[in-house]
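Working notes for the structure below.
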There are 2 protein chains.
Amino acid sequence: MPPTLKDVAERAGVSRAAVSRTFTDGASVSLKMRKKVEKAATELGYSPNALASSLTTGRTKLIGLVSNNFHNPIFLEVFDLFTRGLQERGLRPLLVNLSDETDPANSIRMLRQYSVDGVVVASSTLPPGFAKAFRDAGVPVVHSFGRYASSPEVHVVGIDNAECGRMAARELVRRGYRDVAFLGGPESATSTQDRFRGFMEELAQHSGISLRHSFAQAYSFNAGRAEMLARLKDTPAQAYFCGDDVLSIGALSAISDSGLKVPGDIGIIGLNDMEMAGWENINLTTIRQPISQIIDSSIELIVSMLENPERYPEARLFPCKVIERGTLRPVD
Amino acid sequence: MPPTLKDVAERAGVSRAAVSRTFTDGASVSLKMRKKVEKAATELGYSPNALASSLTTGRTKLIGLVSNNFHNPIFLEVFDLFTRGLQERGLRPLLVNLSDETDPANSIRMLRQYSVDGVVVASSTLPPGFAKAFRDAGVPVVHSFGRYASSPEVHVVGIDNAECGRMAARELVRRGYRDVAFLGGPESATSTQDRFRGFMEELAQHSGISLRHSFAQAYSFNAGRAEMLARLKDTPAQAYFCGDDVLSIGALSAISDSGLKVPGDIGIIGLNDMEMAGWENINLTTIRQPISQIIDSSIELIVSMLENPERYPEARLFPCKVIERGTLRPVD
DNA sequence: ACCCATTTTGCAACCGGTTGCAAAATGGAA
DNA sequence: TTCCATTTTGCAACCGGTTGCAAAATGGGT
């Protein structure tokens, strides 16, 4: 239905090759020819079919954006930044919602059918093997918010979750808490495991600190609330390092329902610093994850892999920092 | 690099047409042939190139998902539902982030280059002309959360925003508020205009009610908070119908900061019933928009347009209802 | 006006599939 | 076994572009 190369060529009275050349930059076309072709093209309202050309060039400019985090508000920011960043570079995001799927086979097949030039896996809960499966299938891949590995097999861009755990521990100790707890996300998520490990390691350096832990079912408000309600049945800890901000907000809600005060009775520190954490009626002390840097860097990396698919895998970790708000008691 | 039809044909010792047929259902292939081909295909790890086939079939199974709402948490739910619904039907969402762009020309060109089979415009702020431009370009389109028109030029699926305005008005009147206000989203958004119109219309039916109005810069927490802070400089109204839930939450934050109580001093009613509205520490009285029905219906519509692109445009509006929580005072 | 190096152009094959058509194979009935 | 209607298969053209190669055009120098 829409006009094709052939239509333009006929109308301009030139060869199809000539038309193709005026629309691929770097090709040799005389000014006269270009004028003629452009005239015919605009008259017909022609624009080249990207998919047809991908057949011969081997490039679709399609990037698979794969995620399973469609319930955590911070991922709206993530999608916003990714789509804008990709668009700015002339790339198109083909979105894949994993829902509860953790087997990459389906997504790989699907994304290969559409010949995506590369894939960004955006998830803090999927294991490194997930992204690796793409690489093994010959698809350039970057795992954003993925698990750090000292000898990474795929590009990983994110934060050092263990270091964040240590950071949270230091912050709680600095504020004089002695009886602390980790209220993590799902135990199977790599981010949960790493944050917990770091948290424990650091606390082990300090004497006389008691530590407990438990895990919520998901990184979600309801899961955080439910888990904290359960904790409140017994004597709760003095302060909790929660798996992330949504979880923290759920916990806050449980605490205020039970009549206790934050930070008076219980302290909370989260992780992410999503927009909502700064809302005045939440005012959560948390650890900021530099989302936009992570995403810029991920895009830069996937773009560079389009030129050089064999690029040696690297881990890019960005520093986090504590954002002090109102849910931890002040230092004495 | 990945194996092609030809590779499979050679390995199986059959024609390329035979291979093609075993992978298109409804085609005539003997069982013996099928076995042979499937064997060769799995040995090579072949899967057909969807883009190449789109060239002859004229179908890419790509659906453009166009939105400018990447800051309203409710759109995370929207994206989740859309991507899942499309995937279930074997369609792939190609995401377009409009950011601040309101001219459809770019998106149309881009989506035509990728030969999308159809487009879903998911936005409550874009004017009907936006979606219409796609239709005029010959691309099947559905405008979800779009403006209702009695003689629609494109398919619109959403709610009757004016009716929601009336509903909010009735609810406030029923609770005995006499001095009420509309705190809308951006004045240019069609949803804002319609909600305001309905709200006024209904209030005009009741005597002795005073109405004021103002508009926030965006459908966002900060905008709602800023706008409410401004209102609080003078004597505020008794109750506010806010443009949506995020705006409401911003307003709530401003109110509690100023030392006033909700619903004691000021009542708030929102619109959307996003997940957060039900969180116990927010507990917002609001009007529920049946998101998942809207999206199911949108997908059903766009799918039906793939078969019949000339399908007569219709408006599908879903009823909303008031969800009573804790931000309006009880009926006397 | 002529020659030659350089640019521009068109031809034709190709990318990875699909499909109308006719030839070949199948299989049931006589 | 033979015949004929029905499937199954392969050939070849096509979808909308790109690109190597050789022919044609250009233009500068003498």
Side-chain angles (χ1 to χ4, degrees), chain A residues 1-41 44-62 109-117 138, chain B residues 1-41 44-62 109-117 138:
Chain A
M1 199 56 153
T4 72
L5 196 71
K6 187 152 146 276
D7 301 325
V8 178
E10 280 167 6
R11 174 175 261 257
V14 300
S15 74
R16 302 187 316 153
V19 179
S20 172
R21 286 191 181 103
T22 63
F23 284 95
T24 51
D25 36 34
S28 150
V29 212
S30 70
L31 191 66
K32 206 186 307 173
M33 170 67 79
R34 158 151 312 198
K35 289 284 179 215
K36 248 196 302 188
V37 171
E38 278 173 352
K39 182 159 174 292
L44 292 173
Y46 169 79
S47 74
N49 181 324
L51 302 180
S53 69
S54 80
L55 219 45
T56 41
T57 60
R59 289 205 144 10
T60 53
K61 300 197 163 196
L62 249 27
R109 189 160 31 75
M110 192 240 111
L111 289 169
R112 279 222 315 188
Q113 286 181 342
Y114 282 84
S115 323
V116 295
D117 290 344
Chain B
M1 198 56 154
T4 73
L5 196 70
K6 186 151 146 277
D7 301 325
V8 178
E10 279 167 6
R11 174 175 260 256
V14 300
S15 74
R16 300 187 314 152
V19 180
S20 172
R21 286 192 182 102
T22 63
F23 284 96
T24 50
D25 36 30
S28 149
V29 213
S30 70
L31 191 66
K32 205 185 310 173
M33 170 68 79
R34 159 148 309 184
K35 290 281 178 220
K36 247 195 305 186
V37 171
E38 278 173 353
K39 181 159 175 292
L44 292 173
Y46 168 78
S47 74
N49 180 325
L51 302 180
S53 71
S54 82
L55 219 45
T56 43
T57 61
R59 292 205 140 13
T60 53
K61 301 196 162 198
L62 249 27
R109 190 160 31 71
M110 191 240 114
L111 288 169
R112 281 223 314 188
Q113 286 180 342
Y114 282 85
S115 323
V116 295
D117 291 343

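Labels below follow one simple rule: chain letters A, B, ... track the order of the sequence lines, proteins then strands, and each chain is numbered from 1. It should be emphasised that the depicted structure is a prediction, and the values quoted were computed from it without experimental measurement. The analysis underlying the following values was restricted to heavy atoms, covering all of them including side chains, and did not include hydrogens, waters or symmetry mates.
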Can you tell me the distance, in whole Å, between the [atom1] atom of [X] and the [atom2] atom of [N]?
X: A:R112; N: C:dG17; atom1: CZ; atom2: P; answer: 11 Å
X: B:L44; N: C:dG16; atom1: CG; atom2: P; answer: 14 Å
X: B:F23; N: C:dG17; atom1: CZ; atom2: P; answer: 9 Å
X: B:K35; N: D:dT8; atom1: NZ; atom2: P; answer: 15 Å
X: A:L31; N: C:dT7; atom1: CG; atom2: P; answer: 16 Å
X: B:Y114; N: D:dG16; atom1: OH; atom2: P; answer: 18 Å

Just report the end-to-end axis angle for the helix from C:dA1-D:dT30 to C:dA30-D:dT1, five pairs per end, to 10 degrees.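 The end axes of the helix from C:dA1-D:dT30 to C:dA30-D:dT1 are about 40° apart, to the nearest 10°.
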Please find the pair of heavy atoms, one from [X] and one from [Y], that lie closest to each other, and give the distance.
X: B:R34; Y: B:R21; answer: NH2-O, 4.2 Å
X: A:R112; Y: B:G45; answer: NH2-O, 3.3 Å
X: A:S47; Y: B:Q113; answer: OG-CG, 3.9 Å

Nucleotides 20-28 of chain C: protein proximity per nucleotide (B base, S sugar-phosphate only, - neither; heavy atom, under 4.0 Å): BB-------
For DNA chain D, which residues in residues 6-15 of chain A have a heavy atom at a distance below 4.0 Å?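 None - not one residue of the stretch has a heavy atom sitting under 4.0 Å from the strand.
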Return the residues of residues 46-62 of chain B meeting this criterion: a heavy atom under 4.0 Å from some atom of DNA chain D. Order them by number, or give none.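 Residues of residues 46-62 of chain B that come under 4.0 Å of DNA chain D are, in numerical order, B:L55, B:T56.
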Nearest-nucleotide 5' precedence on DNA chain C, B:P2 against A:A18: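 Checking each residue's closest nucleotide, the 5'-ward one belongs to A:A18.
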Give, for atom OG of B:S115 and atom CG of A:N49, the distance between the pair rounded to the nearest 0.5 Å.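 One finds 4.0 Å between OG of B:S115 and CG of A:N49.
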Rounded at 0.5 Å granularity, tell me how far OG in B:S54 sits from OH in B:Y114.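 Those atoms lie 12.5 Å apart.
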Sequence neighbours left out, what passes side-chain contact (heavy atoms from CB on, under 4.5 Å) with B:S30? Give chain and number order.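 Counting only residues at least two positions away or on another chain, B:S30 forms a side-chain contact (heavy atoms from CB on, under 4.5 Å) with B:K32, B:M33.
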For B:T4, enumerate each residue passing the side-chain contact (heavy atoms from CB on, under 4.5 Å) test, keeping only those at least two apart in sequence or located in another chain.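 Applying side-chain contact (heavy atoms from CB on, under 4.5 Å) to B:T4 gives B:K6, B:D7.
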For A:F23, all residues meeting ring pair (Phe, Tyr, Trp, His ring centres under 6.0 Å), sequence neighbours excluded: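 A:F23 satisfies ring pair (Phe, Tyr, Trp, His ring centres under 6.0 Å) with A:Y46 once adjacent residues are dropped.
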Indicate, with a heavy-atom threshold strictly under 4.0 Å, whether A:S20 touches base, sugar-phosphate, or nothing.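 A:S20: base contact, heavy atoms under 4.0 Å.
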Is it the case that the base of C:dG10 and the side chain of A:R16 share a donor-acceptor contact (distance under 3.5 Å, atom types as modelled)?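 Looking at the base of C:dG10, it does not pair with any donor or acceptor on the side chain of A:R16 (distance under 3.5 Å).
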Qualifying residues under side-chain hydrogen bond (donor to acceptor under 3.5 Å, both in side chains), relative to A:R109, sequence neighbours excluded: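 Partners of A:R109 by the side-chain hydrogen bond (donor to acceptor under 3.5 Å, both in side chains) criterion, ordered by chain and then number, come out as A:N106.
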Residues which pass side-chain hydrogen bond (donor to acceptor under 3.5 Å, both in side chains) with A:T60, listed by chain and number, not counting sequence neighbours: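 A:D117.
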Result block: side-chain N/O donor-acceptor pairs under 3.5 angstrom for residues 10-18 of chain A, not counting sequence neighbours:
{"unit_1": "A:R11", "atom_1": "NH1", "unit_2": "A:E43", "atom_2": "OE1", "d": "2.2"}
{"unit_1": "A:S15", "atom_1": "OG", "unit_2": "A:A17", "atom_2": "N", "d": "3.4"}
{"unit_1": "A:S15", "atom_1": "OG", "unit_2": "A:A18", "atom_2": "N", "d": "3.1"}

Do the side chains of A:L51 and B:L55 get nearer than 4.5 Å, heavy atoms only?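 Result no, sub-4.5 Å side-chain heavy-atom pair not found.
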